[in-house]
Amino acid sequence: MMRMVVVAAVAAVVAGLSAAPASASDKSIIVQSTTSTANSGLYDYILPIFKKKTGVNVNVVAVGTGQAIKNAQNCDGDVLLVHAKSSEEKFVGEGYGVERFDLMYNDFVFVGPPSDPAGIAGTNDAEAAMKAIADKRALFASRGDDSGTHKKERKLWEAAGVDPSRGSGKWYRETGSGMGATLNVGVGMGAYVMTDRATWISFKNRGDFKIVVEGDKNLFNQYGVILVNQAKCPHVKSRLGQQFVNWLLSAEGQQAIGSYRRSGQQLFFPNAVQQAMEKSG
Amino acid sequence: MQDFAEAFRLAFSLVLSGDADLFEIIWLSLQVSLTALLISCVIGFGLGTVVALSRFPGRGGVIVLFNTLMGLPPVVVGLLVYLALSRAGPLGVLGLLYTPAAMIIAQSILITPIIAALSRQIVEDLFCEYDELFRSLTVPLHTAMAAVLWDARYSLITVALAGFGRAIAEVGAVMIVGGNIDHLTRVMTTAIALETSKGDLSLALALGIVLLAISMTVNALGLSLRSTAGRQAYA
């Protein structure tokens, strides 16, 4: 018995030590990604299709957009897939990325408790809804983590002429964590939350929360994809990374994205510009 | 309440159905944490014993340092290892970030101080008892070290289990340096964090139950190792 235990432990250790170098294997790339695309199950659906076609393993590191960009700037990824256009353009402008392509879109929605303390349920004007939340000092849970969703939310507050930081810790609750964690907090304390629709549809701990605001064109949520630039990061697997980007932008990749359903609903709407595709081969 | 019942039901059905993904994650968790434990024991027992048996200026400071580092926040260790292993960092050329090796390094840093600090105390206490005997027999230091370590072996198993518990349970460090990549660096704790963020609290809790069961198994094996060794010693 004891011998078996020792053998098993040694096997685990040896496997642990030997797994290390092998795992950084040849035909794989690392994608620094926003969380919504991972948490909604999109990658689980499209990556096997890509793998089957090319044999390339795509390893996804799902963090907030801010952290994903930061990691890519440290050269710790081959492809960047996020949703904050101005930050993405800055990333390319500074030479970290080769080129940015529109990939797909969906939209943001506001979710809230059935009591609807700010009286905004059923409206489609995000700015007015935010003003009402601030006026009523209704609880609002913000990401507060410099993610793509958080950047968008801050822009909307600004457009609404509200400085939510003055209510910080009172009605404005910054969780400093991911979309799912923030939704858990929001549902827990009965606070409004702005979330991308994909995460909301695939989120399971909704309690009695419902979508209260949707349909404002300002709530548009564009995702972009960028190959990390080999000129800045010599270790980048450019060929495999480009292959993945090309596939995502191709008719086949776009079709795969568009056909992903969750609870019968389409989560992401492909909108790559065909022109860009031809240019990159 | 419904969540708890659902979680237990899920935990059992996951294990009984032999879910391949789950077993892959469990196997990786064990590989990473046991390897980190082995490395930490080699370094930690050595450091602990040397500090216990020797007298040098600043020794008190070293002991305080060991004891303080027992409280190292995993997320800080993760950050430090990330900065070191990042392609932009000093060890970036190794290409170890987002591999199990990076996770082993982070967990080793996390638990070596625990093992060093606790084994230092145990060895020192035991050495106090033996000190006069060693001196009267003029036993050389390395022989004394070996003798004390051997006699302290049962307590040291408990120390190792404390280190293992810390390693298998932490999420902050492996999340940052491993990246929670499916089929590559996803371990039990990062999988639990992921399911929580998806709002699938029952599944998250079920995974937590499975993790506890694994820990319990390892601890039971540790204990039986102790008692088997004990029986043989007195036979």
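From a predicted model like this one, the values you see are computed outputs, not experimental measurements. Throughout, protein chains are lettered first and strands after them, A, B, ... in sequence-line order, and every chain is numbered starting at 1. Heavy atoms only: backbone and side chains are in, while hydrogens, waters and symmetry mates are out.
Only the side chain of B/Leu194 has a heavy atom closer than 4.5 Å to any heavy atom of chain A. Proximity to chain B (any heavy atom under 4.5 Å) is restricted, for A/Gln32, to the side chain, taken from C-beta onward. Neither the backbone nor the side chain of A/Leu47 comes within contact range of chain B; no heavy atom of the residue lies under 4.5 Å from a heavy atom of that chain.
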Run the side-chain donor-acceptor check on residues 71-86 of chain B: report pairs under 3.5 Å with partners two or more places apart or on a different chain.
residue, atom, partner, partner atom, Å
B/Tyr82, OH, A/Asn71, OD1, 2.9
B/Tyr82, OH, A/Asn74, ND2, 3.1
B/Tyr82, OH, A/Asp76, OD2, 2.8
B/Ser86, OG, A/Asn74, O, 3.4
B/Ser86, OG, A/Asp76, OD1, 3.4
B/Ser86, OG, A/Asp76, OD2, 2.6
B/Ser86, OG, B/Ala88, N, 3.1

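A/Ser87 and A/Lys151 share a donor-acceptor pair across their side chains, judged by distance under 3.5 Å alone.
Using a 4.0 Å cut-off between charged side-chain N and carboxylate O, A/Arg197 and A/Glu214 make a salt bridge.
Relative orientation of the A/His83 and A/Tyr223 rings is parallel, given thresholds of 30° and 60° on the angle between their planes.
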